[in-house]
Amino acid sequence: MTQTQLIQQTLHTIAYLGVREVCVAAGARNAPLVSALLACSGVKIWNFFEERSAAFFALGRIMADRQPVAVVTTSGTAAAELLPAVIEAHYQHLPLVLVTADRPKRYRGSGAPQAIEQAGLFGVYATIVGDWDATDESHEGHCSDGPMHLNVCLDEPLETNVAGVDFSAAQQLPASEEGPPGPLQCDLVLAAGMHPREAAEAAALLARLGAPIIAEATSNLHGFPELQPLLIPGGERALQSARPAHVLRIGAVPSWRWWRDLEDLAKIKVTNITRTGFSGLARMENVETLAWENIRSTELTRVDPPCGILRFEPDFEKFPESEPAWVSKIAKAIPAGSRVFLGNSLPIREFNLALQTTKSGIELFANRGANGIDGLVSTFLGTSAVHGGECWLILGDLSALYDLAAPWVISQMEHPQLRIVVINNGGGKIFSRVASMRALPEAARNVIENRHALGFEPWAQLWGMEYLQTADAHDLADLLPVPMVIEIRPDPLQTEAFWKDWQKPVIRPR
């Protein structure tokens with residue numbers, strides 16, 4: 001098989017996998033693939049200068065549209081830059097397609113320039129669709145439900161005059177067959193991390209079930225009027241008051257500490273309904289994980305007696321300049337029809353506290369697969385790339401610093417109304433709330449929290465974005481219809497006082 005045939009076979013394969021968008025980080029070895037892709041029809045090409053942002057942007061595109069997206073890299077460590085996004089895609093069970101150009105197989109193990117061991121580079125986190133060069137007789141690939149890796153070995157001279165293909169003409173993968181749903185029962189529902197379309201399916205089941213629901217913002221359940229009587233405010237604090245016998249968890253693994261504590265509460269039965277197949281718990285006893293089609297079950301039983309959960313609502317007015325109060329103000333400023341991406345660590349927990357209902361059409365996303373802070377700005381931009389309304393990102397300062405190259409792609413987006421809200425508290429303050437960290441010497445805490453005095457105006461200037469630093473929530477109304485960085489600096493003493501007040505022990509009424 002010639003190099004031209006190999007490249008066209010690669011394009012046909014990713015088209016067959018359902019790819020209609022490709023994120024390209026160009027180099028010398030993948031030049032034949034890039035050149036051929038630019039000659040293709042029926043596919044959208046996004047251009048990046050570095051691979052990590054490309055992969056997380058692709059992840060965001062998949063999260064928003066639930067369609068496979070490919071990332072094409074050159075050889076060597078360029079391929080290794082994809083690993084963080086691959087891990088996140090694995091735990092979210094998202095079809096991220098990795099196309100890595102490679103040197104010929106004969107270079108493996110030689111230490112020759114740009115010749116690392118790319119075959120199997122992603123280990124358990126990606127299915128190997130193919131490891132091909134022009135000497136292989138068969139180039140038949142196969143697909144999986146999560147990340148897929150296609151390694152393409154290209155020899156010199158590199159062929160850069162390859163005709164493209166029509167992606168829209170590719171045969172679509174057949175839909176997987178679903179089994180019949182089984183019976184469901186519980187006395188408490190936990191919900192997190194669902195696409196808006198999944199949330200609509202879940203809302204129909206939960207309304208019929210009638211059990212109390214503790215829902216994270218990313219569950220996208222707060223906009224359903226029929227669920228309002230069932231949604232319990234208070235998050236972690238409310239859960240501390242609960243005495244459930246059978247928990248039904250729907251969607252992603254929740255961020256609450258109470259969920260982790262279920263590891264040691266084996267008497268509480270846990271049923272998971274999730275697309276990922278992950279139970280989110282290490283214990284096997286009294287835990288079952290069901291396929292997503294069980295969301296359409298008609299055999300529902302609410303366990304009696306009720307779990308006795310209490311309602312708690314935070315008093316943001318008592319600590320108006322605290323970080324949680326500021327997140328509440330931001331939540332109120334977000335207009336109807338917006339798409340919102342929440343950063344990990346404190347912002348997602350604080351938004352959970354702030355949100356009781358949502359305005360019409362608001363959609364919420366987050367990277368809660370591996371719970372890391374890597375690539376959050378890039379993933380947000382991926383979810384926002386083709387959205388017609390305002391798009392808001394709320395994240396911490398360290399998360400923003402971790403992804404400074406992400407705005408490169410904004411110039412390729414049409415009319416983006418982006419609001420990147422950086423809650424700058426001078427370091428990773430979530431670590432100050434971890435009990436085991438509080439006893440550490442000040443010098444150690446300084447290092448662990450990565451304390452700093454940086455501001456984000458230069459970042460906005462670098463990428464041509466408008467910048468606003470404000471201490472007045474009224475400034476968040478009627479923002480310019482252009483990409484903006486909005487920097488918020490909460491009062492650290494009020495933040496500490498808020499959490500001290502909120503975390504008082506729960507006393508059940510007699």
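We number each residue from 1, following the sequence as shown. What you see is a predicted model, and the numbers here were worked out from it, not measured in a lab.
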*Looking at residues at least two apart in the chain, or sitting in another chain, which of them share a ring pair (Phe, Tyr, Trp, His ring centres under 6.0 Å) with Phe278?*
His90, Tyr91
Thinking salt bridges, do [X] and [Y] make one under a 4.0 Å N-O criterion?
X      : Y      : answer
Arg339 : Glu363 : yes
Arg61  : Glu21  : yes
Lys329 : Glu321 : yes
Glu236 : Arg257 : no
Asp264 : Arg283 : no
Arg489 : Glu487 : yes

What pairs of donor and acceptor atoms, side-chain ones from residues 225-232 against any protein atom, are under 3.5 angstrom apart with sequence neighbours left out?
unit_1	atom_1	unit_2	atom_2	d
Gln228	NE2	His222	O	2.8
Gln228	NE2	Phe224	O	3.4

*With distance as the sole test, does Asn294 use its side chain to make a donor-acceptor pair with the main-chain N or O of Ile273 at under 3.5 Å?*
no
*Return yes if some donor-acceptor pair links the side-chain N/O of Glu263 with the main-chain N/O of Ala282 below 3.5 Å, else return no.*
yes
Sequence neighbours left out, what passes salt bridge (Lys or Arg N to Asp or Glu O under 4.0 Å) with [X]? Give chain and number order.
X      : value
Lys504 : Asp501
Arg208 : none
Asp491 : none

*asked:* Under 3.5 Å, is there a donor on one side chain and an acceptor on the other for Asn272 and Ser279?
replied: no
*Going by the ring pair (Phe, Tyr, Trp, His ring centres under 6.0 Å) test, which pairs reach into residues 299-349, not counting sequence neighbours?*
Phe316-Phe498
